[in-house]
Number of protein chains: 2
Amino acid sequence: MLEAAIGKMRGGGYKATPQRTAVLRALAEEQHQSLEEIRARCPGVGLVTVYRTLDLLGELGIVRRLDLGDGARYEMAEDHHHHAICESCGDISEFEKCPLDPTLLPLEASDFEVRSHSLEVYGRCAACR
Amino acid sequence: MLEAAIGKMRGGGYKATPQRTAVLRALAEEQHQSLEEIRARCPGVGLVTVYRTLDLLGELGIVRRLDLGDGARYEMAEDHHHHAICESCGDISEFEKCPLDPTLLPLEASDFEVRSHSLEVYGRCAACR
DNA sequence: TCTGTAATTGAAAGAATTTTTCAATTAGCG
DNA sequence: CGCTAATTGAAAAATTCTTTCAATTACAGA
Ligand SMILES: [Mn+2]
Ligand SMILES: [Mn+2]
Ligand SMILES: [Zn+2]
Ligand SMILES: [Zn+2]
């Protein structure tokens, strides 16, 4: 799966440097990490390089940046999924089944071309109840 | 409508200062403003006071903070609604009809208590097509 | 209406986060 | 290998938000 991402980088004309692959490996270890969490997993890679790599991976569609309540978080952009955020402990869990009813989307009527969507559910997780 | 908000502030034991009502008036003029847009509508109110007022109004449930792609934006927290963001011109439009199918929410099963949700739709607006 | 006081304000300093710059290094092609 | 354009990262700058604290003020009670 890292191979695929590295291939995409090379295919885009970008070099597969040790720094870039280190950031990729860090991202593969856990979803929804903050910048500092990512950095902790690839010490030795400069701050600026981490930012630039995240940008690059974002443009390549490999990584997605999340803006949930607290600061920026990053995740490997795998299958379409959504997030359930616990307002008590901050835990972020994922779910794949998309509860959006496309026939209810009132936007097509108003000539808005829907390309994508993002849905976040807030509440309390099992552990916090 | 501003009266209602001012009443809520007084009711919460907070003073209705000219600065706070100026920020409220600024917010009432347009939805989804950035901090600097709000500030431009109430010159004379200090930066710190604007931040603090937005916090206060947020706690009172009068104002909501949005984290769409570009920086923080603020809106009067009126009825439940969602956002359609044009990826071309950045325009943010609202729609009230909620296309969420509650029976599809796979979270109850996993003991997650859903309190609220946020849904954003990205694409191209009528003008940009 | 006046006063006392706790709440509020805002200038300044500080913290946190992200971006720009640019000289030195290096991946990968030939 | 050797070349060169791409990449890196330390330092400085920009941006955004928070803390501090002395001065001001809203408003409850007299
Ligand atoms: Mn996720
Ligand atoms: Mn809105
Ligand atoms: Zn929890
Ligand atoms: Zn548009």
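All values below come from the heavy atoms of this structure, side chains included, with hydrogens, waters and symmetry mates left out. A, B, ... follow the sequence lines: proteins, then strands. Residue 1 opens every chain.
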**Prompt:** Which sits closer to the 5' end of DNA chain D, A:L56 or B:L35, going by the nucleotide each is nearest to?
**Reply:** A:L56

**Message:** Nearest whole Å is fine: how far is C:dA12 P from B:Y51 OH?
**Reply:** 18 Å

**Item:** Step-by-step salt bridge (Lys or Arg N to Asp or Glu O under 4.0 Å) determination, A:E75 to A:R64
**Value:** CA-CA 5 Å; A:E75 67 174 5; A:R64 186 183 302 134; 2.6 Å; yes

**Prompt:** Relative to the ring of A:H32, is the ring of A:H81 parallel (under 30°), tilted (30 to 60°) or perpendicular (over 60°)?
**Reply:** tilted

**Prompt:** Short question: side chain of B:E30, backbone of B:L27 - any donor-acceptor pair under 3.5 Å?
**Reply:** no

**Prompt:** Taking atom OH of B:Y122 as the centre, does the number of heavy atoms from other residues, nucleotides or ligands within less than 6.0 Å exceed 12?
**Reply:** yes

**Request:** Could you tell me the separation between the CG atom of A:L47 and the P atom of C:dA16, rounded to a whole number of Å?
**Result:** 14 Å

**Request:** List in numerical order all residues of residues 12-32 of chain B for which some heavy atom is under 4.0 Å away from an atom belonging to DNA chain C.
**Result:** B:Y14, B:K15, B:T17, B:Q19, B:R20

**Prompt:** What's the CZ-C1' distance between A:R39 and D:dT8, to the nearest Å?
**Reply:** 14 Å

**Residues A:E87, A:R124: salt bridge by 4.0 Å N-O rule** = no

**Asked** With distance as the sole test, does A:E37 use its side chain to make a donor-acceptor pair with the main-chain N or O of A:S34 at under 3.5 Å?
**Response** yes

**Request:** Compare all side-chain heavy atoms of B:L60 with those of B:M9 and state whether any distance is below 4.5 angstrom.
**Result:** yes

**Nearest-angstrom distance from the residue atom CG of B:D70 to C1' of D:dT15** = 14 Å

**Request:** Quickly work out the A:L54 CG to C:dT19 P distance and round it to whole Å.
**Result:** 10 Å

**Request:** Provide, to the nearest angstrom, the distance between the CE atom belonging to A:M9 and the C1' atom belonging to C:dA27.
**Result:** 11 Å

**Asked** Is it true that A:E113 and B:R129 have a side-chain N and a carboxylate O under 4.0 angstrom from each other?
**Response** yes

**Prompt:** Does the separation of the ring centres of A:H117 and A:H82 fall below 6.0 angstrom?
**Reply:** yes

**Helix axis bend for the helix from C:dT1-D:dA30 to C:dG30-D:dC1 - C1'-based end axes, five pairs, 10° rounding** = 40°

**Item:** Whole angstrom value for the distance that separates C1' of C:dT17 from CG of B:D67
**Value:** 14 Å

**For atom CZ of B:R73 and atom P of D:dC17, their distance in whole Å** = 12 Å

**Donor-acceptor pair (no angle test) under 3.5 Å: B:R52 side chain, C:dG10 base** = yes

